[in-house]
Amino acid sequence: MKKIFGTILLALEIAVATGMTIIGLFDVKINFINDTRMAVIVLGVLGMLFCIPGVIRFIKRAPMHILSLVGYLLGAMAMLIFFAQLFMLKIPVIGNPKLALVILAAIIVLKGVIGRNLPPTKEEMKKAKAKAKQDDADFPANV
């Protein structure tokens with residue numbers, strides 16, 4: 001059940017990132033999203049909402065795992081892009097709303113993929129080792 005929910009959530013993240021990118025790049029006007037900069041800001045807020053459950057799970061399970069560290073770095077880049085657009089900062093690459101939108105969408109999708117590859121807990125590792133040891137003991141020695 002958890003795997004299905006994770007897959008559905010990843011599909012939703014990809015759909016939202018793709019939809020907001022299309023809205024922003026083609027200047028589609030929807031309610032309060034009237035330009036590319038606003039699409040970046042809305043996508044940034046939605047990306048933060050998508051990120052909350054994954055961050056909590058990763059911090060509880062493996063705060064110093066390589067996937068956690070990559071997620072932290074990508075999250076920091078996403079926050080920088082979000083704040084650059086929110087406060088109209090003139091940072092070279094991410095100051096351009098269209099580039100910022102594409103980069104932010106890619107980061108959100110990449111973080112979603114990373115979030116679905118959660119490292120196992122210590123208890124799960126112990127169970128897997130015990131099962132492997134039992135399987136080795138059950139295997140006939142003179143085959």
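The analysis underlying the following values was restricted to heavy atoms, covering all of them including side chains, and did not include hydrogens, waters or symmetry mates. Values in this document were obtained by computation on a predicted structure and should not be read as measured data.
Annotation for Gly24 and Thr36: closest pair O-OG1, 2.8 Å, computed over non-hydrogen atoms. Across all their heavy atoms, Ala105 and Thr21 have their closest contact at CB-OG1, 3.2 Å. The minimum heavy-atom distance linking Ile81 with Val40 is given by the pair CG2-CG1, 4.2 Å. For the residue pair Met38 and Ile33, the shortest heavy atom distance occurs at CG-CA, 4.1 Å. Heavy atoms only, all atoms of each residue included: Leu74 and Lys111 are closest at CB-CG, 3.8 Å. For the residue pair Ala100 and Ile94, the shortest heavy atom distance occurs at CB-O, 3.6 Å.
Taken from CD1 in Ile108 to CG in Leu43, the straight-line distance is 3.5 Å, to the nearest 0.5 Å. To the nearest 0.5 Å, atom CZ of residue Arg61 and atom CD1 of residue Ile56 are 13.5 Å apart. The CE atom of Met77 sits 4.0 Å away from atom CD1 of Ile107, with the distance rounded to the nearest 0.5 Å. Separating the CG atom in Leu12 from the OG1 atom in Thr7 is a distance of 12.5 Å, to the nearest 0.5 Å. The line from NZ of Lys98 to CZ of Phe26 is 8.5 Å long, rounded to the nearest 0.5 Å. To the nearest 0.5 Å, atoms CG (Leu10) and CZ (Phe5) are separated by 11.5 Å.
Tyr72 contributes a side-chain N or O that, together with a main-chain N or O of Pro63, makes up a donor-acceptor pair within less than 3.5 Å.
Under the 4.5 Å side-chain heavy-atom criterion for Ile, Leu, Val, Met, Phe, Trp and Tyr, Ile59 and Phe50 are members of distinct hydrophobic clusters. The same ILVMFWY cluster, assembled from side-chain heavy atoms under 4.5 Å apart, contains both Val28 and Leu104. The hydrophobic cluster containing Val109 does not contain Leu101, counting ILVMFWY residues as joined when their side-chain heavy atoms lie under 4.5 angstrom apart, directly or transitively. Residues Val113 and Leu49 fall into different hydrophobic clusters, defined by Ile, Leu, Val, Met, Phe, Trp and Tyr side chains chained together at heavy-atom separations under 4.5 Å. One hydrophobic cluster holds both Leu46 and Leu80 under the rule that ILVMFWY side chains link at heavy-atom gaps under 4.5 Å.
A salt bridge links Glu13 to Arg116: one of the charged nitrogens lies within less than 4.0 Å of a carboxylate oxygen.
Within a 6.0 Å sphere centred on NZ of Lys133, other residues, nucleotides and ligands contribute 12 heavy atoms or fewer. In the displayed structure, Lys127 atom NZ is contacted under 6.0 Å by at most 12 heavy atoms of other residues, nucleotides or ligands.
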Practice task
Take Val45 and Phe82 through the side chain to side chain contact (heavy atoms under 4.5 Å, CB included) test and state the conclusion after the steps.
Solution key: CA-CA 8 Å; Val45 170; Phe82 172 73; 3.9 Å; yes
Practice task
Under the side chain to side chain contact (heavy atoms under 4.5 Å, CB included) rule, what do Leu110 and Val70 come out as? Steps first, then yes or no, please.
Solution key: CA-CA 10 Å; Leu110 189 56; Val70 170; 5.9 Å; no
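Contact annotation: the side chain of Arg37 approaches that of Met88 to within less than 4.5 Å [non-hydrogen atoms, C-beta and beyond].
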